[in-house]
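This report refers to the structure that appears directly beneath it.
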Amino acid sequence: MKQCFFSQNNIQYVDYKDLALLKQFLNPHARIQGKRKTSTNAKSQRQLAEAVKRARFMALLPFVAK
């Protein structure tokens, strides 16, 4: 079993402005991948989802990609 990406890289807070990091956890259709696929723990997955939703609302990430 893989370790959580955020714990492994000592990332305490998932920032909505870090688009390169957020895009790693989106599929080609710009949907958030599940925690089983990304191997993040529950707390980090919640922070990731909140950051992606904030970035979408601020028009930094698309809601839907073609």
Side-chain angles (χ1 to χ4, degrees):
M1 185 174 172
K2 288 171 37 178
Q3 190 180 9
C4 174
F5 174 82
F6 298 103
S7 300
Q8 197 174 22
N9 293 316
N10 199 21
I11 298 172
Q12 300 294 324
Y13 174 72
V14 184
D15 191 18
Y16 72 94
K17 294 176 294 230
D18 191 358
L19 299 181
L21 177 70
L22 295 180
K23 286 180 181 178
Q24 291 178 359
F25 297 97
L26 300 178
N27 69 11
H29 301 288
R31 295 181 65 195
I32 303 170
Q33 293 182 345
K35 72 177 201 165
R36 287 185 183 206
K37 186 151 189 170
T38 60
S39 69
T40 58
N41 59 25
K43 182 179 177 182
S44 297
Q45 184 71 15
R46 285 192 301 269
Q47 287 181 346
L48 174 69
E50 187 67 32
V52 169
K53 290 173 187 178
R54 281 186 181 159
R56 285 174 176 165
F57 185 75
M58 303 281 282
L60 300 174
L61 286 176
F63 281 91
V64 179
K66 293 183 180 181

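Computed from heavy atoms alone, side chains included, the values below leave out hydrogens, waters and symmetry copies.
- Between Arg56 and Pro62, the shortest heavy-atom contact is NE-O, 3.6 Å.
- Taken together through direct or relayed side-chain contacts under 4.5 Å among Ile, Leu, Val, Met, Phe, Trp and Tyr, Leu21 and Leu19 form part of one hydrophobic cluster.
- No side-chain heavy atom of Phe6 sits less than 4.5 Å from a side-chain heavy atom of Thr38.
- Across all non-hydrogen atoms, the minimal contact from Ile32 to Ala49 is CD1-CA, 4.0 Å.
- A salt bridge is defined here as a Lys NZ or Arg NE, NH1 or NH2 lying under 4.0 Å from an Asp or Glu carboxylate O, and Arg46 with Glu50 fails to meet this definition.
- In this view, Asn27 satisfies the side-chain hydrogen bond (donor to acceptor under 3.5 Å, both in side chains) rule with no residue, not counting sequence neighbours.
- By the 30° and 60° cut-offs, the orientation of the rings of Phe5 relative to Phe25 is perpendicular.
- The distance from atom CZ of Phe63 to atom CZ of Arg31, rounded to the nearest 0.5 Å, is 14.0 Å.
- With values rounded to the nearest 0.5 angstrom, Lys35 atom NZ is found 13.5 Å from Lys43 atom NZ.
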(request) Run the numbers on Val14 and Leu22 for side chain to side chain contact (heavy atoms under 4.5 Å, CB included), then give the verdict. (result) CA-CA 8 Å; Val14 184; Leu22 295 180; 3.9 Å; yes

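- Between the side chain of Gln3 and the main chain of Ser39, no donor-acceptor pair closer than 3.5 Å is present.
- Residues Leu61 and Lys23 meet the side-chain proximity criterion, which asks for heavy atoms closer than 4.5 Å.
- The hydrophobic cluster containing Met58 also contains Leu48, counting ILVMFWY residues as joined when their side-chain heavy atoms lie under 4.5 angstrom apart, directly or transitively.
- In this structure, Lys2 NZ and Arg36 CZ are separated by 14.5 Å, a value rounded to the nearest 0.5 Å.
- Note on Val52 and Leu60: same hydrophobic cluster, where clusters join Ile, Leu, Val, Met, Phe, Trp and Tyr whose side-chain heavy atoms are under 4.5 Å apart, directly or indirectly.
- Inter-residue side-chain proximity for Gln47 and Thr40 is flagged as unmet; no heavy-atom pair is nearer than 4.5 Å.
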